[in-house]
Amino acid sequence: MFSNPQIGSVGLTERACRDQGLDYTVVQKHYADFAKGKIVGSPPGFAKLLVEKGSDRILGFHMIGPQAADLLHEVVVAMNTPGAKAQRVRDSIHVHPTLAELVKQVFDATA
């Protein structure tokens, strides 16, 4: 959603995961948690990831903050690959310092 702040969302929410009885891990990181976020003034916002325990399948990803609509695409691609494994994003190189590191950090936290 192209609002201010931007909102990006793909996949299931926590509520949907609970309603489906899925066993999942949720991790949330804020823009202020990493270098580029601090460089751009620690804007309000976060990235939240839901990963199925045991399978490492990406269930959902949600962002609010600068460039959320653009940063979401990496996760959309990962979710559309066979198996939708979170490891695919963890294994990707994320340039430093960029806002894309927020995506990497939230995925690394589920390992």
Taking distance alone, no hydrogens or angles, what donor-acceptor pairs closer than 3.5 Å link side-chain atoms of residues 32-50 to residues at least two apart or in another chain?
unit_1	atom_1	unit_2	atom_2	d
Asp33	OD2	His30	N	2.7
Lys48	NZ	Glu14	OE2	2.8

TODO: For Asp19, enumerate each residue passing the salt bridge (Lys or Arg N to Asp or Glu O under 4.0 Å) test, keeping only those at least two apart in sequence or located in another chain.
DONE: none
Run the side-chain donor-acceptor check on residues 96-109: report pairs under 3.5 Å with partners two or more places apart or on a different chain.
unit_1	atom_1	unit_2	atom_2	d
His96	ND1	Glu101	OE1	3.1
His96	ND1	Glu101	OE2	2.9
Thr98	OG1	Val95	O	2.7
Thr98	OG1	Ala100	N	3.4
Glu101	OE1	Thr98	N	3.3
Lys104	NZ	Arg90	O	2.2
Lys104	NZ	Asp108	OD1	3.3

Task: same_hphob_cluster(Val75, Val27) at 4.5 Å side-chain heavy-atom cutoff - done: yes
- [ ] Give, for atom OG1 of Thr110 and atom CD1 of Ile58, the distance between the pair rounded to the nearest 0.5 Å.
- [x] 8.5 Å
Open item on the list: With salt bridge (Lys or Arg N to Asp or Glu O under 4.0 Å) as the rule and sequence neighbours excluded, what pairs involving residues 20-32 come up?
Closed with: Asp23-Lys53
Side-chain donor/acceptor pairs under 3.5 Å, residues 59-73, sequence neighbours excluded:
unit_1	atom_1	unit_2	atom_2	d
His62	ND1	Ser9	OG	2.6
His62	NE2	Leu12	O	2.9
His73	NE2	Ala69	O	3.4

- [ ] Check whether Val10 and Val77 end up in the same hydrophobic cluster, where Ile, Leu, Val, Met, Phe, Trp and Tyr are linked by side-chain heavy atoms less than 4.5 Å apart.
- [x] no
Open item on the list: List the residues meeting side-chain hydrogen bond (donor to acceptor under 3.5 Å, both in side chains) with Ser55, not counting sequence neighbours, and say none if there are none.
Closed with: Glu52
